[in-house]
Amino acid sequence: MKKIKLLQQMSEAGVVAVLRGETPEEVVEMAEQAIEGGIKVIEVTMTVPFALQAIEKLAKKYSSSTQDAAKYAIIGVGTALDPETARAAILSGAEFVVGPALNPATVTLCNRYRVPVMPGVMTIQEIQQALELGVDIVKLFPGNLYSPATIKAIKGPLPQANIMPTGGVSLANLAEWVKAGAVAVGIGSDLTTDAVKTGDYSLVAKKAAQYIEAYKAAKQ
């Protein structure tokens with residue numbers, strides 16, 4: 001039941017912050033600001049040095065089981081290339097797993113522990129294979145290679161596929177992706193670029209709030 005609840009919460013949240021940085025401390029700061037701005041699903045990528053430290057700290061602080069809305073967030077891992085990485089992240093507190101590509105062994109591992117897994121896909125064949133392996137949400141990646149109309153095309157033969165575009169999603173096109181049928185969207189560098197350039201991480205919170213506002217408007 002926990003997996004189903006998490007998937008529902010992620011779908012309702014609609015926006016996933018995909019965070020990369022030079023240090024775990026930097027990524028924790030980015031995550032805290034994103035959560036402050038209203039984004040409640042945080043993906044810490046394994047390209048971050050000592051990424052598991054960031055995941056553990058955030059998972060302890062923002063337990064999804066808390067009753068305090070201000071302290072609520074779902075913390076997951078991204079760029080999980082193999083089941084070993086996925087398991088290490090789960091043990092560090094990650095509640096969902098994202099990969100850049102479809103790795104069947106990683107999906108099997110996550111299904112074993114009832115953890116939502118979102119592999120990256122580019123083709124109908126990969127999406128069908130992911131569905132057959134028991135994947136609930138696929139990550140259309142890199143999203144900037146596609147247009148929102150791609151989702152409608154995919155849902156022609158595969159209406160049951162839940163698709164989350166990541167990469168290339170911006171404030172300018174978020175509404176198009178949502179209205180095309182995206183179950184959620186992944187936001188990467190656009191969320192953090194200005195903050196990294198200026199050193200003012202409060203800009204992450206401001207940009208996060210803009211994304212949440214845009215998402216809610218698109219859903220209406």
Side-chain angles (χ1 to χ4, degrees), residues 1-19 39-47 51 55 59 64 73-146 148-169 177-178 180-188 215:
M1 292 300 292
K2 181 180 179 182
K3 178 184 178 183
I4 295 173
K5 183 178 179 181
L6 279 171
L7 288 166
Q8 290 175 335
Q9 290 172 328
M10 293 173 72
S11 177
E12 290 168 3
V15 179
V16 179
V18 183
L19 302 181
I39 294 179
K40 297 298 186 179
V41 186
I42 304 296
E43 175 189 328
V44 177
T45 69
M46 286 300 293
T47 54
I55 291 171
S64 62
I74 301 171
I75 309 300
V77 64
T79 323
L81 303 182
D82 46 54
E84 294 82 4
T85 302
R87 182 59 176 149
I90 292 168
L91 290 173
S92 294
E95 294 191 280
F96 65 91
V97 174
V98 182
L102 176 60
N103 181 284
T106 300
V107 174
T108 298
L109 179 283
C110 291
N111 286 341
R112 180 181 302 135
Y113 294 103
R114 302 297 294 158
V115 173
V117 56
M118 290 166 276
V121 296
M122 295 184 72
T123 67
I124 291 288
Q125 182 179 12
E126 289 177 324
I127 296 172
Q128 179 174 323
Q129 184 182 3
L131 293 173
E132 291 168 353
L133 289 168
V135 171
D136 295 290
I137 298 175
V138 294
K139 180 177 78 166
L140 186 65
F141 179 78
N144 58 350
L145 296 183
Y146 304 91
T150 301
I151 292 183
K152 183 178 180 180
I154 292 171
K155 283 184 169 290
L158 297 174
Q160 71 274 31
N162 295 311
I163 301 167
M164 179 180 74
T166 302
V169 178
W177 283 109
V178 172
V183 68
V185 295
I187 310 299
Y215 180 78

* Is the closest side-chain heavy-atom distance between Q129 and Q125 below 4.5 Å? -> no

* Residue pair V16 / T166, side-chain heavy-atom distance below 4.5 Å -> no

* **Distance, nearest 0.5 Å, that separates OH of Y215 from CD1 of I39** => 12.0 Å

* State, to 0.1 Å, how close A180 and I151 come at their nearest heavy-atom pair, and which atoms those are. => O-CG2, 3.4 Å

* Quick one: closest heavy-atom pair of V183 and S11, and the distance? => CG2-OG, 3.6 Å

* Structure fact -> One should read off an interatomic distance between I187 CD1 and L19 CG, to the nearest 0.5 angstrom, of 11.0 Å

* Nearest 0.5 Å, what's the CG-CG distance between N162 and L7? -> 8.5 Å

* Asked: Mind checking what makes side chain to side chain donor-acceptor pair (under 3.5 Å) contact with Q8, not counting sequence neighbours?
  -> none

* Could you pull out the closest heavy-atom pair between I42 and F96, with the gap in Å? => O-CZ, 3.4 Å

Report all side-chain donor-acceptor pairs from residues 97-109 shorter than 3.5 Å, counting only partners two or more places apart or in another chain.
{"unit_1": "N103", "atom_1": "OD1", "unit_2": "A105", "atom_2": "N", "d": "3.2"}
{"unit_1": "N103", "atom_1": "OD1", "unit_2": "T106", "atom_2": "N", "d": "2.9"}
{"unit_1": "N103", "atom_1": "OD1", "unit_2": "T106", "atom_2": "OG1", "d": "3.0"}
{"unit_1": "N103", "atom_1": "ND2", "unit_2": "L81", "atom_2": "O", "d": "3.4"}
{"unit_1": "T108", "atom_1": "OG1", "unit_2": "P104", "atom_2": "O", "d": "3.0"}

* Flag the pair L6 / Q9 as yes when at least one side-chain heavy-atom distance between them is below 4.5 Å, and no otherwise. => yes

* Mind checking whether V41 and V15 have side chains closer than 4.5 Å, heavy atoms only? -> no

* Structure fact -> Minimal heavy-atom distance between V169 and V185, with the atoms involved, is CG1-CB, 4.0 Å

* Contact summary for A161 and I127, nearest pair of heavy atoms -> CB-CG2, 4.0 Å

* Asked: Where is the tightest heavy-atom contact between I124 and P157, given as atom of each residue plus distance?
  -> CD1-CG, 4.3 Å

* CD1-OH distance between I154 and Y146, expressed to the nearest 0.5 angstrom -> 7.5 Å

* To do: Check the pair E12 / K40 against salt bridge (Lys or Arg N to Asp or Glu O under 4.0 Å), numbers first and verdict last.
  => CA-CA 10 Å; E12 290 168 3; K40 297 298 186 179; over 6 Å; no

* M10 and M118, any side-chain heavy atoms less than 4.5 Å apart -> yes

* Do P142 and M122 have side-chain heavy atoms sitting under 4.5 Å apart? -> yes

